[in-house]
2 protein chains.
Amino acid sequence: MTLEDQELKKVGLKVTVPRIKILQILENCLNRHMTAEDIYQALRDAGEDVGIATVYRVLTQFEAAGLIERHNFDNGPAVYEIDRGEHHDHMVCTESGKVIEFHDAEIEKLQERIAAKNGYQLVGHNLVLYVKPLT
Amino acid sequence: MTLEDQELKKVGLKVTVPRIKILQILENCLNRHMTAEDIYQALRDAGEDVGIATVYRVLTQFEAAGLIERHNFDNGPAVYEIDRGEHHDHMVCTESGKVIEFHDAEIEKLQERIAAKNGYQLVGHNLVLYVKPLT
DNA sequence: ATGCCTGCAAAGCTTTTGCAGATGC
DNA sequence: GCATCTGCAAAAGCTTTGCAGGCAT
């Protein structure tokens, strides 16, 4: 019974090969932000015979279970990353495509204040900074 | 020579019926954030025989020309709005779907500071707050 | 044994593109 | 007249879904 097995059980999903493999890939990948296609390719590279439909289904379940987060940068395909419970936002370099994570408590508070000022309660947000290297 | 005609000329686009109509729709619509499909329907309702492909092509040109802005809320279809030169971000009510615009100078500055702290220069950003009414 | 899970293929939805004819300048 | 623009239809890109069989418990 590996750690991955336990994580799956805990969220009420049956322990199956595709789920274990996908969870491992997301936990160990160098590139923390992978598309469904990236994951599909990683599976095939590892010799696993998993369909792309299963990849999407599993990712959807993982997201619903809070194991991973899904992001939509601009208009490209969605990217997924393990949810380690440390909330952060993203910075995307427009020249290299590199993704940098950051967290800023002040910006988080400001958002709540802005929502409140308009008579709302903040339930989530999406912040992406598009940047380029300083000359 | 209407105002719309002049705006089109100024950005180097030929003055054609589809372009004039789409610009008018975006300038006068009650709902400031329309999808390509919304615009296509508005055109058909007005008795104009314009193809959806033209709608997309014209919107892409308008965006490149700086006449309009394109936004991707969550994972739905892109929405477009007239660029009146007043930068703002968006708040989307998760219950009603209502879109509220806001501008906060402090949050803008913070973003530049965060980019700089990481050795980058801010070239753009995407901020959407998902909110619900205060009980 | 049962119900959940999977692969495959097909469809869905949004957006883009090729092409032949139409239109603005 | 010539280049640009348009509508149509087809294709592309990403994602979801139906179905028949397979696997975990």
Side-chain angles (χ1 to χ4, degrees), chain A residues 1-2 4-25 33-44 46-65 67-80, chain B residues 1-2 4-25 33-44 46-65 67-80:
Chain A
M1 171 79 75
T2 71
E4 281 88 12
D5 291 12
Q6 293 175 39
E7 286 189 86
L8 292 172
K9 283 242 168 92
K10 203 186 323 180
V11 297
L13 292 171
K14 277 191 183 170
V15 177
T16 66
V17 172
R19 285 177 183 157
I20 295 171
K21 292 293 176 190
I22 292 173
L23 195 49
Q24 286 177 345
I25 287 171
H33 304 86
M34 302 181 82
T35 65
E37 191 64 28
D38 290 339
I39 294 167
Y40 177 62
Q41 287 307 327
L43 285 165
R44 308 207 92 228
E48 297 295 332
D49 194 15
V50 174
I52 186 77
T54 298
V55 173
Y56 277 106
R57 270 187 294 232
V58 168
L59 289 171
T60 302
Q61 295 159 346
F62 282 6
E63 192 196 8
L67 292 177
I68 64 175
E69 281 190 353
R70 170 187 175 143
H71 303 287
N72 280 87
F73 295 151
D74 213 33
N75 38 11
V79 298
Y80 302 84
Chain B
M1 172 79 75
T2 70
E4 281 88 12
D5 291 11
Q6 293 174 39
E7 287 189 87
L8 291 172
K9 282 243 168 91
K10 202 185 325 179
V11 297
L13 292 172
K14 278 191 182 171
V15 177
T16 66
V17 173
R19 285 176 183 158
I20 295 170
K21 292 295 176 189
I22 292 173
L23 194 48
Q24 287 178 344
I25 287 171
H33 304 86
M34 301 181 84
T35 65
E37 191 64 29
D38 289 339
I39 294 166
Y40 177 63
Q41 287 308 327
L43 285 165
R44 308 209 92 229
E48 296 296 332
D49 194 13
V50 174
I52 186 76
T54 298
V55 173
Y56 277 105
R57 270 187 295 234
V58 168
L59 288 172
T60 302
Q61 295 158 346
F62 282 6
E63 191 196 8
L67 292 177
I68 64 175
E69 282 190 352
R70 169 188 174 143
H71 303 288
N72 279 87
F73 295 152
D74 213 32
N75 39 10
V79 297
Y80 302 83

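Everything numeric in this text was worked out from a predicted model, so none of it was measured. No hydrogens, no waters, no symmetry mates; every other heavy atom, side chains included, goes into these values. Chain A is the first sequence line, chain B the second, and so forth, proteins listed ahead of strands; every chain is numbered from 1.
Among the protein residues, Arg57(A) comes within range of the nucleic acid bases, having at least one heavy atom under 4.0 Å from a base atom. Within 4.0 Å (heavy atoms only), Val50(A) reaches sugar-phosphate atoms of the nucleic acid but no base atom. When heavy atoms are screened at a 4.0 angstrom cut-off, Asp49(A) is found touching the sugar-phosphate backbone but no base atom.
Gln41(B) places its CD atom 12 Å from the P atom of dT14(C), with the value rounded to the nearest Å. Rounded to whole Å, the distance from CD on Glu63(B) to C1' on dT15(C) is 13 Å. A straight line from CD of Glu4(A) to P of dA24(D) spans 17 Å, rounded to a whole angstrom. For the pair Asp38(A) CG and dT15(D) P, the interatomic distance rounds to 11 Å; values are reported in whole Å. Regarding Lys21(A), its NZ atom lies at a distance of 19 Å from the P atom of dC5(C), rounded to whole Å. One can place CD1 of Ile20(A) at 13 Å from C1' of dC5(C), the figure rounded to the nearest angstrom. Rounded to whole Å, the distance from CG on Asn72(A) to P on dT15(C) is 12 Å. Atom pair Leu43(B):CG and dC8(D):P shows a separation of 13 Å (rounding to whole Å applied).
In this structure, Ile68(A) CD1 and Leu59(A) CG are separated by 4.5 Å, a value rounded to the nearest 0.5 Å. From Leu8(A), atom CG reaches atom CG of Leu67(A) across 7.0 Å, with rounding to the nearest 0.5 Å. Interatomic distance, Glu37(A) CD to Ile39(A) CD1, rounded to the nearest 0.5 Å: 10.0 Å. Summarising the geometry, atom CZ belonging to Arg19(B) is positioned 14.0 Å from atom CD belonging to Glu7(B); distances are rounded to the nearest 0.5 Å. The distance from atom CG of Leu13(A) to atom CG of Asp5(A), rounded to the nearest 0.5 Å, is 12.0 Å.
Comparing dT16(C), dG7(C), dC25(C) by their nearest atom to the side chain of Val15(B) picks out dC25(C). Nearest to the side chain of Lys9(B), among dC25(C), dT25(D), dT15(D), sits dC25(C). Side chain of Thr54(B), nearest nucleotide from dG7(D), dC14(D), dC5(D): dG7(D). Ranking dT6(D), dT6(C), dG24(C) by closeness to the Lys14(B) side chain, first place goes to dG24(C). Here the side chain of Arg70(B) is nearest to one of dT16(C), dC5(C), dG7(D), namely dT16(C). Checked against dC8(C), dG24(C), dC5(C), the side chain of Ala53(A) finds its nearest nucleotide in dC8(C). Relative to the side chain of Pro77(B), the nucleotides dT6(C), dT15(C), dT16(C) differ in distance, and dT15(C) lies closest.
Taking the nucleotide of DNA chain C with the nearest heavy atom to each of Val17(A) and Asn75(A), the more 5' of the two is matched to Val17(A).
Here the closest non-hydrogen pair linking Asn75(B) and Arg70(A) is ND2-NH2, 3.7 Å.
OP1 or OP2 of dT6(D) sits under 4.0 Å from a side-chain N or O of Thr16(B). Under 4.0 angstrom from either OP1 or OP2 of dT15(D) there lies at least one side-chain N or O belonging to Tyr56(A).
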